[in-house]
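Remember, it's a predicted structure, so these values are computed and weren't measured experimentally.
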Amino acid sequence: PHLSPLCSNNNPYASFGATLARDEEQNLWSTPHDVTHTEADDDRVLYNMIVVRNQLDKDSEEWQKLNYDIYTLRQTRKEVRSRWKHILEDLGFQKEADSLLSVTKLSIISDSQNMGKARDILLKLSEETNIFPTSWELSERYLFVVDRLIALDAADEFFKMASVVYPKR
């Protein structure tokens with residue numbers, strides 16, 4: 001029997017819906033095909049929550065609570081990312097904002113000498129601004145972003161802008 005091209009196995013769209021659902025589960029940082037969900041501690045926490053939730057009965061209270069916690073954590077991450085993006089755009093990085101914020105397991109620190117400085121700036125951002133929510137645990141992901149800002153000689157400007165836009169209450 002002749003199979004229509006739509007049903008053939010080499011059709012890239014054949015399992016589109018299934019792929020989307022799978023990507024959504026793996027995509028803990030709301031970036032399609034980002035496979036970094038087990039690369040950092042905070043990703044492992046979220047990944048483990050999803051694994052546990054998926055083993056529970058959807059009608060159970062535990063499932064609903066975990067589902068809510070997962071949703072809340074994802075929303076918090078989106079909010080933090082949007083705060084960073086907002087400042088980057090204000091600093092003139094409109095076109096580069098998304099790529100500056102994109103971190104995958106292929107990302108590297110541009111200069112190991114910058115690691116200490118990047119960590120210091122990240123700590124200063126968390127202690128002296130409100131760019132991260134109070135419950136936020138420092139994310140390795142933003143260490144890469146600060147490193148990129150150092151390489152662009154924009155880290156100090158970013159900190160100043162964050163202090164103005166998101167002052168510590």
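In the hydrophobic cluster analysis, where Ile, Leu, Val, Met, Phe, Trp and Tyr join through side-chain heavy atoms closer than 4.5 angstrom, Val52 is grouped apart from Tyr68.
Pairs passing the side-chain hydrogen bond (donor to acceptor under 3.5 Å, both in side chains) check and including a residue from residues 56-66, sequence neighbours excluded, read Lys65-Asp69.
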Which side-chain N or O atoms in residues 85-94 pair as donor and acceptor under 3.5 Å with protein atoms at least two apart or in another chain?
from  : atom 1 : to    : atom 2 : distance (Å)
Lys85 : NZ     : Asp98 : OD1    : 3.1
Lys85 : NZ     : Asp98 : OD2    : 3.4
His86 : NE2    : Asp90 : OD2    : 3.4
Gln94 : NE2    : Glu89 : O      : 3.2

For residues 144-158, which side-chain N or O atoms pair as donor and acceptor with protein atoms under 3.5 Å away, sequence neighbours left out?
from   : atom 1 : to     : atom 2 : distance (Å)
Asp147 : OD1    : Ser110 : OG     : 3.2
Asp147 : OD2    : Ser110 : N      : 2.7
Asp147 : OD2    : Ser110 : OG     : 3.1
Arg148 : NH1    : Ser99  : O      : 3.3
Arg148 : NH1    : Leu100 : O      : 2.7
Arg148 : NH1    : Ser102 : O      : 2.7
Arg148 : NH2    : Ser102 : O      : 3.1
Arg148 : NH2    : Ser107 : OG     : 3.3
Glu157 : OE2    : Lys160 : NZ     : 3.4

Enumerate donor-acceptor pairs with a distance under 3.5 Å from any side-chain N or O in residues 117-134 to protein atoms, sequence neighbours excluded.
from   : atom 1 : to     : atom 2 : distance (Å)
Ser126 : OG     : Leu123 : O      : 3.0
Thr129 : OG1    : Leu125 : O      : 2.5
Thr129 : OG1    : Ile131 : N      : 3.2

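The CE atom of Met49 sits 14.0 Å away from the OH atom of Tyr71 when rounded to the nearest 0.5 Å. Separating the CD1 atom in Ile50 from the CD1 atom in Ile70 is a distance of 5.0 Å, to the nearest 0.5 Å.
For Glu96, there are no salt bridge (charged side-chain N to carboxylate O under 4.0 Å, His left out) partners at least two apart in sequence or on another chain. Glu79 is linked by a side-chain hydrogen bond (donor to acceptor under 3.5 Å, both in side chains) to Arg83, counting only residues two or more places apart in sequence or in another chain.
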Original post:
Could you go step by step and tell me if Arg141 and Trp84 meet the side chain to side chain contact (heavy atoms under 4.5 Å, CB included) rule?
Top reply: CA-CA 12 Å; Arg141 167 169 295 249; Trp84 279 71; over 6 Å; no

